Novice: 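I have a structure here, written as structure tokens, and I will follow up with some questions on it.
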Amino acid sequence: METILEISEHIDPSTVYSELSHPESGGICVFVGAVRGVTKKEKVTSLFFEAYKSMALKEMQKIADEAKEKWNLNKLVMKHAVGKKNIEEPVVIVGASSAHRDDCFKACRFLIDTLKENVPIWKKEFFENDEVWVSSHP
Amino acid sequence: METILEISEHIDPSTVYSELSHPESGGICVFVGAVRGVTKKEKVTSLFFEAYKSMALKEMQKIADEAKEKWNLNKLVMKHAVGKKNIEEPVVIVGASSAHRDDCFKACRFLIDTLKENVPIWKKEFFENDEVWVSSHP
Amino acid sequence: MNILLFGITRDIVGRHQLDGEEFKDLSTVGDLRNHLQQKYPDLQKLSSLNIAVNEEMREDSFIISGRDEIALIPPVSGG
Amino acid sequence: MNILLFGITRDIVGRHQLDGEEFKDLSTVGDLRNHLQQKYPDLQKLSSLNIAVNEEMREDSFIISGRDEIALIPPVSGG
């Protein structure tokens with residue numbers, strides 16, 4: 001299975017279809033996570049992402065391998081942005097293509113859920129008068 | 001909720017993110033259906049799609065309205081291509097954006113499943129020596 | 001009354017559209033389906049054959065009139 | 001041994017990286033965590049604090065050596 005993994009300053013949702021397109025794929029499912037202007041009722045001005053890049057890419061590869069075992073996939077993409085991101089900017093793109101749609105839907109959901117749990121990337125939320133590393137404290 | 005419905009000769013997956021992006025949306029989920037080179041072990045050369053366009057757009061609006069009632073969505077897109085489509089070409093694009101990812105994933109799956117059941121669009125498969133309107137016969 | 005034909009129903013009938021003048025004495029969706037299935041027996045072989053009146057799918061008991069736009073809806077297969 | 005610091009652990013310690021010379025007598029992941037939590041008490045307030053050795057998350061009993069790349073992994077929050 002062709003797998004594209006990337007951690008970089010800018011990720012581009014407009015190219016993901018050409019990356020996932022495959023002559024044996026009838027279905028392509030993509031999830032894009034973007035910066036939302038409000039969280040828990042507070043107004044967010046921007047986010048900052050930091051990655052332990054070499055380890056994060058290894059963890060992403062493990063997730064890709066696990067997805068490939070669970071479902072029949074032809075192609076798979078996982079990309080995460082780092083640095084400062086403003087509202088509406090994409091921060092994560094995951095997707096897969098498969099012969100039938102059930103596989104790519106389930107794989108896509110698994111990719112984003114597992115990325116959020118396991119990949120060493122950290123997000124700081126900037127509010128008007130505060131900044132917080134998300135989930136750091138109980 | 002802003003809703004984009006379209007039935008046309010060419011649909012473009014590369015623009016769908018900008019169409020679904022929204023300052024209150026943390027998640028965007030998109031499904032693209034494309035022409036697959038094999039179906040039930042036979043080699044497909046191309047597909048042809050035909051729509052009862054005015055009724056199809058009405059049915060798509062009903063599906064969009066139902067999705068909007070079921071989930072918290074900020075934007076929604078449903079596009080279907082008509083005419084002759086070659087292998088790997090996109091034939092359908094559906095997607096939604098929402099504050100949290102669960103809503104856009106569930107809505108996206110609902111949009112494609114319901115479109116396939118209810119919208120008056122017909123697909124003919126062309127094989128090397130045959131052509132068949134899909135699902136016409138028991 | 002115009003009757004629009006799509007997909008395999010157009011192939012069976014051999015036309016995109018039928019002039020409704022011939023069907024003006026038929027009063028319901030069910031009557032129209034029966035009439036067409038007698039005249040074009042290959043329509044009986046389809047997995048299903050629904051009828052839309054003014055862009056809404058209708059039951060057999062639905063009354064049709066000369067001003068309606070009617071369409072034959074064979075099994076859909078979009079997506 | 002280098003110790004890499006990310007996210008809130010970098011803010012707490014005030015540096016991107018610690019020179020491992022200070023920790024050369026510690027033999028396990030658990031020992032290292034205890035040592036750091038004593039020296040930087042704010043590390044005890046985190047929801048969790050994992051330790052990666054050569055880019056793999058390791059249990060407290062895992063033996064560390066002077067050649068390892070070690071990283072403090074506070075609660076991840078990507079996506």
Side-chain angles (χ1 to χ4, degrees), chain A residues 5-8 11 31-36 39 44 47-63 78-83 85 90-95 108-125 130-138, chain D residues 1-20 23 28-30 32-34 36-60 62-79:
Chain A
L5 305 178
E6 181 185 324
I7 294 177
S8 63
I11 56 174
F31 175 81
V32 178
V35 182
R36 197 156 60 95
T39 182
V44 172
L47 298 182
F48 176 81
F49 287 90
E50 174 178 325
Y52 181 9
K53 189 171 171 179
S54 56
M55 181 176 169
L57 288 167
K58 276 193 186 177
E59 292 295 320
M60 284 157 74
Q61 183 66 56
K62 287 182 199 169
I63 297 169
M78 299 182 87
K79 300 184 181 192
H80 204 294
V82 288
K85 299 294 149 198
V91 301
V92 61
I93 302 172
V94 298
C108 188
R109 183 69 197 250
F110 171 82
L111 294 177
I112 185 63
D113 288 355
T114 317
L115 180 149
K116 280 174 170 269
E117 276 172 24
N118 291 354
V119 177
I121 296 176
W122 297 272
K123 168 166 51 193
K124 188 182 249 187
E125 288 173 340
D130 200 8
E131 50 186 79
V132 177
W133 286 105
V134 175
S135 303
S136 286
H137 292 101
Chain D
M1 193 194 316
N2 282 319
I3 300 179
L4 307 177
L5 303 167
F6 296 98
I8 195 163
T9 65
R10 192 186 56 243
D11 287 0
I12 290 170
V13 173
R15 295 173 62 185
H16 282 77
Q17 193 168 321
L18 291 170
D19 180 354
F23 311 108
T28 67
V29 160
L32 177 64
R33 185 192 293 99
N34 287 338
L36 291 168
Q37 285 179 331
Q38 294 304 314
K39 186 159 179 188
Y40 306 100
D42 281 350
L43 292 178
Q44 298 171 33
K45 299 177 186 164
L46 301 179
S47 314
S48 67
L49 181 62
N50 286 300
I51 290 179
V53 181
N54 300 324
E55 302 171 351
E56 292 289 339
M57 219 80 99
R58 295 300 183 185
E59 301 291 315
D60 277 11
F62 192 82
I63 308 287
I64 52 180
S65 91
R67 295 174 305 280
D68 292 331
E69 175 180 292
I70 291 182
L72 297 195
I73 309 287
V76 302
S77 52

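Naming convention: chains lettered A, B, ... in sequence-line order (proteins, then strands); numbering from 1 in each chain. Everything quoted here is computed from the prediction, not taken from an experiment. Values below: all heavy atoms of this structure, side chains included; hydrogens, waters and symmetry mates excluded.
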Novice: Please classify the contact between A/Phe49 and chain D as side chain, backbone, both or neither, with a heavy-atom cut-off of under 4.5 Å.
Specialist: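 Contact with chain D: side chain only.
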Novice: To check you understand the geometry: which heavy-atom pair defines the closest contact between D/Gly79 and A/Lys116, and what is its length?
Specialist: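 Looking at all heavy atoms of both residues, the shortest contact is C-NZ, 3.7 Å.
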Novice: Pick one of side chain, backbone, both or neither for D/Leu49, based on which atoms fall under 4.5 Å of a heavy atom in chain A.
Specialist: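 Contact with chain A involves no heavy atom of D/Leu49 at all.
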Novice: Below 4.5 Å from any heavy atom of chain D, which atoms of A/Ala34 appear? Answer side chain, backbone, both or neither.
Specialist: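 For A/Ala34, there is no contact with chain D at all, as no heavy atom is under 4.5 Å.
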Novice: Under the 3.5 angstrom rule, does the side chain of A/Trp122 hit a backbone N or O of D/Ile8 as a donor-acceptor pair?
Specialist: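 It does not hold such a pair.
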Novice: Tell me the closest heavy-atom pair linking A/Asn118 and D/Val76, and the distance in Å.
Specialist: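 So the two residues come closest at N-CG2, 4.4 Å.
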Novice: Quick one, A/Met55 with D/Phe6, criterion side-chain contact (heavy atoms from CB on, under 4.5 Å). Give me CA distance, side-chain angles, the key distance, then yes/no.
Specialist: CA-CA 12 Å; A/Met55 181 176 169; D/Phe6 296 98; over 6 Å; no
Novice: Measuring from atom OH of A/Tyr52 to atom CG of D/Leu5, what distance do you get when rounded to the nearest 0.5 angstrom?
Specialist: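 Those atoms lie 11.0 Å apart.
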Novice: Ignoring hydrogens and geometry, is there a side-chain-to-backbone donor-acceptor pair from D/Ser47 to A/His137 under 3.5 Å?
Specialist: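 Judged by distance alone, yes, a pair lies under 3.5 Å.
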Novice: Against chain D, work out which of A/Val132, A/Val134, A/Val94 has the most heavy-atom pairs shorter than 4.5 Å and name it.
Specialist: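 Ranked by contacts with chain D, first place is A/Val134.
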Novice: Run the salt-bridge test on A/Lys62 and D/Glu56 with the 4.0 Å N-O cut-off and return the result as yes or no.
Specialist: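 So A/Lys62 pairs with D/Glu56 through a salt bridge.
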Novice: What part of D/Asn50 gets closer than 4.5 Å to chain A, counting heavy atoms only: side chain, backbone, both or neither?
Specialist: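 No part of it gets close to chain A.
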Novice: Using a 3.5 Å distance criterion without hydrogens, assess whether the side chain of D/Ser77 forms a donor-acceptor pair with backbone atoms of A/Lys123.
Specialist: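 Judged by distance alone, yes, a pair lies under 3.5 Å.
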Novice: Relative to chain D, which of A/Ser54, A/Pro120, A/Gly33 shows the most heavy atom pairs under 4.5 Å?
Specialist: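 Sorted descending by pairs with chain D, the first entry is A/Ser54.
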Novice: To the nearest 0.5 Å, what is the distance between OG (A/Ser136) and CG (D/Asp11)?
Specialist: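 Rounded to the nearest 0.5 Å, the OG-CG separation comes to 8.5 Å.
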Novice: Show the nearest heavy-atom pair for residues A/Glu59 and D/Glu55, with the distance to one decimal.
Specialist: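 Between these two residues, the closest heavy atoms are OE2-O, 4.4 Å.
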